[in-house]
Amino acid sequence: MKIAEFFKQNKSMLLNIYIVLNLGGYAIWQTYNNWTDGLLDYVEIAYLVQSMLVLIFILTRRKHKLIDKNIWHQAVALFAFFSGVFVCRAVSNRR
């Protein structure tokens, strides 16, 4: 396998790894700076945990799929979306 083929097949995975390394490094660096300055508290720890969870989700997400071309699936999704919009609007108009 040539290098160009490898990058073409794995570009999404490589982008995910790049994002995780950059954002994870920033979160750890920011937490370390707060710890050395004596500012590390529950809020900073919660931020670090939340950041690590988001990064885990980025690494474990599935590959991108194309849009489903089945018209029935599209109609059901459209109906579900607009029913939620109309319910929220009806509830907000009651107040």
Side-chain angles (χ1 to χ4, degrees):
M1 177 185 290
K2 293 185 179 181
I3 293 176
E5 292 175 18
F6 175 78
F7 282 116
K8 194 173 192 179
Q9 290 177 352
N10 299 311
K11 63 184 173 186
S12 178
M13 179 193 64
L14 294 173
L15 180 64
N16 289 344
I17 291 172
Y18 175 76
I19 290 171
V20 166
L21 290 176
N22 279 311
L23 295 179
Y26 176 75
I28 292 171
W29 175 73
Q30 190 68 32
T31 304
Y32 176 76
N33 284 339
N34 288 332
W35 177 61
T36 56
D37 294 340
L39 301 173
L40 190 64
D41 57 357
Y42 293 112
V43 174
E44 297 299 327
I45 293 171
Y47 166 74
L48 179 66
V49 169
Q50 182 260 341
S51 297
M52 293 300 128
L53 286 175
V54 168
L55 295 176
I56 289 170
F57 288 143
I58 288 173
L59 279 180
T60 59
R61 66 183 174 177
R62 289 183 277 163
K63 282 192 167 191
H64 175 70
K65 293 184 178 180
L66 295 176
I67 295 174
D68 189 2
K69 295 181 181 179
N70 185 338
I71 193 70
W72 176 250
H73 295 164
Q74 294 293 330
V76 169
L78 197 62
F79 178 76
F81 173 76
F82 281 113
S83 66
V85 169
F86 293 134
V87 167
C88 290
R89 185 175 297 163
V91 169
S92 66
N93 287 339
R94 256 193 227 167
R95 294 179 189 181

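Values in this document were obtained by computation on a predicted structure and should not be read as measured data.
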Here the gap from W29 atom CH2 to Y26 atom OH, rounded to the nearest 0.5 Å, amounts to 6.0 Å
CD1 (I58) and CG (L53) are apart, to the nearest 0.5 Å, by 11.5 Å
With sequence neighbours left out, the residues meeting side-chain contact (heavy atoms from CB on, under 4.5 Å) with L23 are I19, L55
| task | Indicate, with yes or no, if V43 and L39 share a hydrophobic cluster defined by side-chain heavy-atom contacts under 4.5 Å among Ile, Leu, Val, Met, Phe, Trp and Tyr. | result | no
Quick note, side-chain hydrogen bond (donor to acceptor under 3.5 Å, both in side chains) partners involving residues 39-56, not counting sequence neighbours, are N34-E44
For W72, the hydrophobic cluster (side chain heavy atoms closer than 4.5 Å, chained through members) also holds V76
Sequence neighbours excluded, the answer for side chain to side chain donor-acceptor pair (under 3.5 Å) partners of N33 is none
Members sharing I56's hydrophobic cluster, built from side-chain contacts under 4.5 Å between Ile, Leu, Val, Met, Phe, Trp and Tyr, are none
(message) Please determine whether residues W35 and L48 belong to a single hydrophobic cluster, defined as Ile, Leu, Val, Met, Phe, Trp and Tyr linked transitively by side-chain heavy-atom distances below 4.5 Å.
(response) no
Quick check: are there more than 12 heavy atoms from other residues, nucleotides or ligands sitting under 6.0 Å from CD1 of I71? no
Between the CG atom in L40 and the OG1 atom in T31, the distance rounded to the nearest 0.5 Å is 7.0 Å
Out of curiosity, does M52 fall in the hydrophobic cluster containing V49 (side-chain heavy atoms, cut-off under 4.5 Å, transitive links)?
-> no
**Request:** State yes or no: do L15 and I3 share one hydrophobic cluster built from I, L, V, M, F, W and Y residues joined by side-chain heavy-atom distances below 4.5 Å, directly or via other members?
**Result:** yes
